[in-house]
Amino acid sequence: MRWSQSFIPTLKESPADAEIASHKLLLRAGLVRKLSGGLYTFLPMGLRALRKIEGIIREEMDRAGATEVLMPALQPPDIWQQSGRYESARDVLFKVKDSVGREWVLGPTHEEVITHLAASEISSYRQMPRTFYQVQTKFRDEIRPRFGLMRAKEFIMKDAYSFDASDAGAMASYQKMYDAYTRIFARCGLKAFPVEADTGVIGGSHSHEFMVPAATGENDVAYGESDGYAANIEKATSAGPVLPTPSASTGPAPEKFPTPGVVTIDELAAPPHGVEPARQVKTLVYVADSQPVLVLLRGDDTLNEAKLMARLGATHARPATPDECSSWLGARPGSLGAVSGVPAKVVILADETLRRAMGMVTGANEDGFHLRHVDVERDIRVSRWLDLRTVKAGEASIRSGEPLRIRRAIEVGHVFKLGTKYSEKMNATFLAEDGQRRPCVMGCYGIGVTRTLQAVIEQCHDDNGISWPVSVAPFVVCITPLNAAPGGPTLSLAERLHDELAAAGIEAILDDRDERPGVKFKDSELVGFPLRVGIGEKSLAAGEVELKPRNGPMLKVPIDQALDRILAWVREHEAALNP
RNA sequence: CGGGACGUGGCUCAGCCUGGUAGAGCGCUUGGUUUGGGACCAAGAUGUCGCAGGUUCAAAUCCUGUCGUCCCGACCA
C-alpha cells in the first residue's frame, strides 16, 4: 500500500472536543472522524486496526469451538417483551418506527434473537453444547456518550452465546470462553485481567469482566497485590472497615437530643456534637422498583447501589426525593432514622457492619433532632442484614487479609453464566437424555471491539503518538524513502522492499509522499507503525537501510540483509504476543 | 435529567467585558528557494461569527429562546 493512495489525515493539533490521550490520538492519527456525539466514521488506518482485532477474536472463537453467525441489528419488539427487557432495558433501547408506524428496536445486544433461534432449532441434548458468536454493530441510547469510541451510541461488539444441556456443561462452555478471552487480549498486546463482576438482576456466581488498567477507565476494581483477589467495586467485598464499629452499649434506651441545622455526617462529626462517623448510622431512603426501602449503613460507609439492586433483585433503584422522605418518615434527609416512625410497609435493610452495633447515633425522624444510645439490633426493626457497603482501599482482603487496593480500569470484555433466565422465558427447551423437557442452560460473552481498539491506544502510546503492538497495527512496517522522486534510487529500493515483504506475507505501507523527512518521521510515529524502514541517500551511499522500531533504537543494516532482518524483527515481535 | 463551559475559515484559538471595516497560527492554492526530524519567502483563496427572534442608527459583541459539543454529577441525607 502506498501512503498517497490511502487516506490518512493526520492532525498537528488535537481537536478541542477530545479529552483523553487515546481519543486525541484516534483523531490526530487519522483513524476516525466524528459524525455526531458517539458516532464515528472509521478511516482506513482505524479500520485496518479494527479488522486486526476482529481477526484475532475470530481465530480464538473458532479455536474455542464457537461458530460464527450474523444476526439482525434491527429487531421486533415482541421478543424484548417476552424476555421482559423491553421494560428493564428501556433506558438503553433505541426504538424506531417504520413507514406504517410499526415499532422496531435497534439491538443493544442479542440474547433475545439467539434464544429465539435456539427455541426453534435446538430440540435435543444431542445438539449441545453449542456456542454461537457474531461481530455486530450494537446500538445503545447512552445517556452521555464520551471519550470517543469508549462509550458510544453505536459500537462494534463481539458477542457469543452458549447453550448447554446441564449446569456442568454450561460451566465448561464458560471456561472455554474465559480462556479464549485471556488469549485474545494477550494477543492484542493488552494487559487485561479478569475480575469478579456483579451479576446484577440475573444472579448466579459466575461472571468475570476483563479489565484494562487505565486512569481514564470508568470502572473501579478492588484487588489484592499478591493474593489474586480482584473484583469490580460493584461486587467487591472485604473483611470489613478498618475502624471497628462501636459495640458497647452507652444507655438503656435511645435518647433524643437537638441538632439544629445538622444534616450531614460531617456536621454531626464536628463540634459541638463530635460524633465520629463510625458511630453514626446513615439512613438512606431508596425507591427500588417503586417500593420504598430504608438502607442503613455506618456513617463512614458508602452505599453500593449495584449490591442493593442485586440483593433486592430490582431492575431500577433511585434515591427518594426529600418530599417522599417527608411523607413516609416525617422528616427530611439529614434527620432520618429507623428507630421509630417507619411505616410497617417500608422494608429496612441494614449493612452487616451494623450487627451488634451499640451506642450509635442516628436521625430521630424529626427535623433538627438525632438519637443517641442506639443499639441497632435492640432498637431497629431490621428486615434483612446484607452486604451493601462499598469497599475502601486499605481494607483486608477476604482471601489473604492483605490490604486491598483500588484502581481504575476499562472494561473490554465480560463473560457471564446466564443460566435459564432467557431460555425459560422464551421457551428454548430441549429433550434431555432422560426424556424430560428442560430449558437450555445459557452463557453470554461480550467483547467491545471498538472499545478494545481504543484501550490498546490508551495503553500503547507516548508523547509522539500511538505505538501499536504488531498484532493490531494497521501496517507493521512503514517504508520511508526520504526522497520519493519517481524513478530515483531511494524510491526504487523502497518499492523493491515493499514487494518482497508483500511476497513474504507482510503488508507494508510505503510513504511515497513528496514531503520533507521530518513530516514523514512525525507522521509514521503519530500513526504508530511498529517498524519504520528509512531509506535515504546517505544510508544508500553507505550501502545500508535504517530499521527504526517505534519503541527502540535505530539499527543500520546492509541493504542485502534488509529483508531478512525486517522479517526476523516482525516474526520475533509477533511471537512475543502469542501465548 | 441537574450543574458548568464552549460554538468565530478545514484545525487550534484571539476578538465579546466597554456594540461601529472579522483577525492570528496551522492547513489549503500558485510561484520560487529548500530537502535526514512537522522548512522559508512572496502572492492568494476560504467566514451568512451554530440557528431563530429581540434591543439598537448599528450586533460576533447586549437580551431571550433553541440546537450542538465538551466536562462534572446523577450513591454518602
Side-chain angles (χ1 to χ4, degrees), chain A residues 9-20 23-24 27-28 30 33-39 91 143-148 151 216 218 220 233-234 259 262-269 277 280-288 294-309 317-326 329 331-338 351 362-363 365 367 370 388-390 392 464-465 480-485 488 490 513-526 532 534-542 545-546 548 554 556:
Chain A
T10 57
L11 262 25
K12 275 191 195 174
E13 290 175 289
S14 301
D17 56 3
E19 197 64 23
I20 65 175
H23 187 193
K24 288 177 184 168
L27 294 163
R28 285 231 293 139
R33 283 296 182 261
K34 183 170 76 172
L35 171 64
S36 176
L39 300 173
D91 295 340
I143 320 174
R144 184 179 156 205
R146 61 180 125 183
F147 301 149
R151 181 165 293 275
T216 53
E218 296 189 271
D220 281 310
I233 198 81
E234 294 181 341
T259 50
V262 171
V263 293
T264 66
I265 301 292
D266 286 347
E267 286 163 7
L268 194 56
Q280 300 184 38
V281 177
K282 181 187 285 188
T283 307
L284 307 174
V285 184
Y286 262 76
V287 180
L294 241 55
V295 180
L296 270 36
L297 295 163
R298 219 173 74 173
D300 54 345
D301 273 339
T302 311
L303 173 65
N304 189 326
E305 223 173 78
K307 286 184 180 176
L308 175 68
M309 303 219 309
R318 63 168 176 87
T321 64
D323 287 346
E324 286 170 329
C325 293
S326 290
L329 297 173
R332 318 256 318 158
S335 304
L336 299 173
D351 186 81
T362 188
N365 269 348
D367 289 345
H370 280 76
L388 296 169
R389 61 189 295 275
T390 306
K392 289 189 270 214
N464 293 319
T480 308
L482 299 192
N483 177 351
T490 54
R513 295 175 300 167
D514 181 21
E515 288 287 355
R516 296 165 61 85
V519 174
K520 295 188 175 190
F521 292 152
K522 287 288 185 190
D523 271 350
S524 78
E525 281 158 22
L526 176 59
R532 184 174 70 222
I535 305 173
E537 268 143 15
K538 278 186 208 161
S539 59
L540 212 54
V545 299
E546 294 158 358
K548 171 68 178 73
M554 182 191 291
K556 299 195 177 198

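Per chain, numbering begins at 1; letters A, B, ... match sequence-line order.
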Practice problem: Would you indicate what A:Arg532 reaches in the nucleic acid, counting non-hydrogen atoms under 4.0 angstrom: base, sugar-phosphate, or nothing? | Solution: base

Exercise. Describe the nucleic acid contact of A:Ala320 in one word from base, sugar-phosphate, nothing, applying a heavy-atom distance below 4.0 Å.
Key: base

Exercise. Identify whether any heavy atom of A:Asn304 sits under 4.0 Å from a base atom; if not, whether one sits that close to sugar-phosphate; answer base, sugar-phosphate or nothing.
Key: nothing

Practice problem: For the side chain of A:Lys522, starting at C-beta, report the closest nucleotide among B:G38, B:A74, B:U34. | Solution: B:G38

Quiz item: Okay, side chain of A:Ser539, backbone of A:Ile535: is any donor-acceptor separation there less than 3.5 Å?
Solution: no

Practice problem: Taking atom C1' in both B:G15 and B:C71, compute the distance separating them and give it to the nearest angstrom. | Solution: 25 Å

Exercise. Please work out if A:Asp301 contacts a base, only the sugar-phosphate, or nothing of the nucleic acid, heavy-atom cut-off 4.0 Å.
Key: base

Quiz item: Is the backbone N or O of A:Leu27 less than 3.5 Å from a side-chain atom of A:Lys34, with the two atoms forming a donor-acceptor pair by type?
Solution: no

Quiz item: A:Pro333 has a side chain; which of B:G36, B:U69, B:A77 sits nearest to it?
Solution: B:A77

Quiz item: Contact class for A:Ser36 vs. all strands (heavy atom < 4.0 Å): base, sugar-phosphate, or nothing?
Solution: sugar-phosphate

Quiz item: Hey, does the side chain of A:Ser36 reach the backbone of A:Leu39 with a donor-acceptor pair shorter than 3.5 angstrom?
Solution: no

Quiz item: How would you label the contact of A:Gly334 with the nucleic acid (heavy atoms, under 4.0 Å): base, sugar-phosphate, or nothing?
Solution: sugar-phosphate

Exercise. Could you check which nucleotide pairs with B:G9 in any of the strands shown, counting Watson-Crick or G-U wobble with both distances under 3.5 Å?
Key: none

Quiz item: Quantified in whole Å, what is the P atom distance between nucleotide B:G50 and nucleotide B:C57?
Solution: 24 Å

Self-check item: Sugar-phosphate only, base, or nothing, as touched by A:Pro319 at under 4.0 Å among non-hydrogen atoms
Solution: base

Exercise. For B:G47 versus B:C28, give the span between their C1' atoms, rounded off to a whole number of Å.
Key: 15 Å

Self-check item: Closest listed nucleotide, where the reference is the side chain of A:Ile265 and the choices are B:C76, B:G37, B:U69
Solution: B:C76

Quiz prompt | Donor-acceptor under 3.5 Å (A:Asn304 side chain, A:Ile233 main chain) | solution = yes

Exercise. Check every strand shown and say whether A:Arg28 touches a base, only sugar-phosphate, or nothing at a heavy-atom separation below 4.0 Å.
Key: base

Quiz item: Which nucleotide in the list B:A77, B:G37, B:C13 gets nearest to the side chain of A:Thr264?
Solution: B:A77

Self-check item: Protein-nucleotide distance (A:Arg516, atom CZ; B:U34, atom P), rounded to Å
Solution: 12 Å

Self-check item: Pairwise 5' ranking along RNA chain B for A:Thr10 and A:Arg146, keeping only the more 5' one
Solution: A:Thr10

Self-check item: Gap in Å between the two P atoms, one belonging to B:U21 and one to B:C11, rounded
Solution: 26 Å

Quiz item: The side chain of A:Ala16 lies closest to which of these nucleotides: B:C13, B:A39, B:C76?
Solution: B:C13

Practice problem: Could you tell me which nucleotide pairs with B:U18 by Watson-Crick or G-U wobble geometry, both distances under 3.5 Å, or answer none if nothing does? | Solution: none

Quiz item: B:G37 base to A:Glu515 side chain: any donor-acceptor pair below 3.5 Å?
Solution: no

Quiz item: Taking atom P of B:G38 as reference, at what distance in whole Å does atom CG of A:Leu482 sit?
Solution: 13 Å

Practice problem: Classify the side chain of A:Glu525 and the base of B:G38 as holding, or not holding, a donor-acceptor pair under 3.5 Å. | Solution: no

Practice problem: Indicate, with a heavy-atom threshold strictly under 4.0 Å, whether A:Thr283 touches base, sugar-phosphate, or nothing. | Solution: nothing

Quiz item: Taking A:Asn365 for the side chain and A:Ala331 for the main chain, is one N or O donor matched with an acceptor at less than 3.5 Å?
Solution: no

Quiz item: Closest to the A:Arg144 side chain: B:C71, B:G36, B:A77?
Solution: B:C71

Quiz item: Which base sits across from B:A58 as a Watson-Crick or G-U pair, both distances under 3.5 Å?
Solution: none

Quiz item: Closest to the A:Cys325 side chain: B:U69, B:G36, B:A77?
Solution: B:A77

Quiz prompt | Whole-Å gap separating P (B:C76) and CZ (A:Arg389) | solution = 17 Å

Quiz item: Counting any heavy atom closer than 4.0 Å, what does A:Lys34 reach on the DNA or RNA strands: base, sugar-phosphate only, or nothing?
Solution: sugar-phosphate

Exercise. Give none if B:C51 has no partner; otherwise give the nucleotide forming a Watson-Crick or G-U wobble pair with it, both distances under 3.5 Å.
Key: B:G65

Quiz prompt | Nucleotide opposite B:U46 in a Watson-Crick or G-U pair, distances under 3.5 Å | solution = none

Practice problem: In whole angstrom, give the distance that lies between atom CG of A:Asn483 and atom P of B:G37. | Solution: 14 Å

Quiz item: In whole angstroms, how far is the C1' atom of B:U69 from the CG atom of A:Leu27?
Solution: 13 Å

Quiz item: Taking the side chain as C-beta and beyond, is there a heavy-atom pair between A:Asp523 and A:Glu515 under 4.5 Å?
Solution: no

Quiz prompt | Nearest-0.5 Å distance that lies between atom OG1 in A:Thr362 and atom CG in A:Leu296 | solution = 6.5 Å

Practice problem: For A:Leu526, answer base if it contacts any base atom (sugar-phosphate contacts may also be present), sugar-phosphate if it contacts only those atoms, and nothing otherwise; contact means non-hydrogen atoms under 4.0 Å. | Solution: base

Exercise. Mind checking A:Leu284 for me? I need base, sugar-phosphate or nothing, with any heavy atom below 4.0 Å counting as a touch.
Key: base

Practice problem: Measure the shortest side-chain to side-chain distance between A:Arg146 and A:Glu218 over non-hydrogen atoms and say whether it is less than 4.5 angstrom. | Solution: yes

Practice problem: Sticking with atom P, work out how far B:A58 lies from B:G19, rounded to a whole angstrom. | Solution: 15 Å

Exercise. Decide yes or no for A:Asp301 and A:Lys392: does some side-chain heavy atom of the first lie under 4.5 Å from some side-chain heavy atom of the second?
Key: yes

Exercise. Determine the interatomic distance between C1' on B:C72 and the same-named atom on B:U35; round to the nearest Å.
Key: 49 Å

Self-check item: Residue A:Glu19, side-chain atoms from C-beta onward, closest of B:C70, B:A77, B:G36
Solution: B:C70

Quiz prompt | Residue met sooner reading RNA chain B from 5', once A:Glu546 and A:Ser14 are mapped to nucleotides | solution = A:Ser14

Exercise. Look at all strands and tell whether A:Val263 reaches a base, only sugar-phosphate, or nothing, counting heavy atoms closer than 4.0 Å.
Key: sugar-phosphate

Practice problem: Provide, to the nearest angstrom, the distance between the CG atom belonging to A:Leu308 and the P atom belonging to B:C76. | Solution: 14 Å

Quiz item: Taking the same atom, P, in B:G37 and in B:G25, what whole-Å distance lies between them?
Solution: 25 Å

Practice problem: Specify the separation, in whole Å, of atom CG of A:Asp523 and atom P of B:G27. | Solution: 12 Å

Exercise. Just call it for A:Ile143: base, sugar-phosphate, or nothing, with non-hydrogen atoms closer than 4.0 Å on any strand.
Key: base

Quiz prompt | Nucleotide B:G73, atom C1' - distance to CD of A:Glu218 in whole Å | solution = 13 Å

Quiz item: According to the Watson-Crick and G-U wobble definitions, with both distances under 3.5 Å, which nucleotide is paired to B:C1?
Solution: B:G73

Practice problem: Compare the minimum distances between each of B:G36, B:U35, B:G38 and the side chain of A:Lys12, then state the nucleotide with the smallest one. | Solution: B:G38

Exercise. Could you give the distance separating B:G54 and B:U29 at their P atoms, to the nearest angstrom?
Key: 43 Å

Self-check item: Candidate pair A:Arg532 and A:Glu525, rule salt bridge (charged side-chain N to carboxylate O under 4.0 Å, His left out), full reasoning
Solution: CA-CA 9 Å; A:Arg532 184 174 70 222; A:Glu525 281 158 22; 3.0 Å; yes

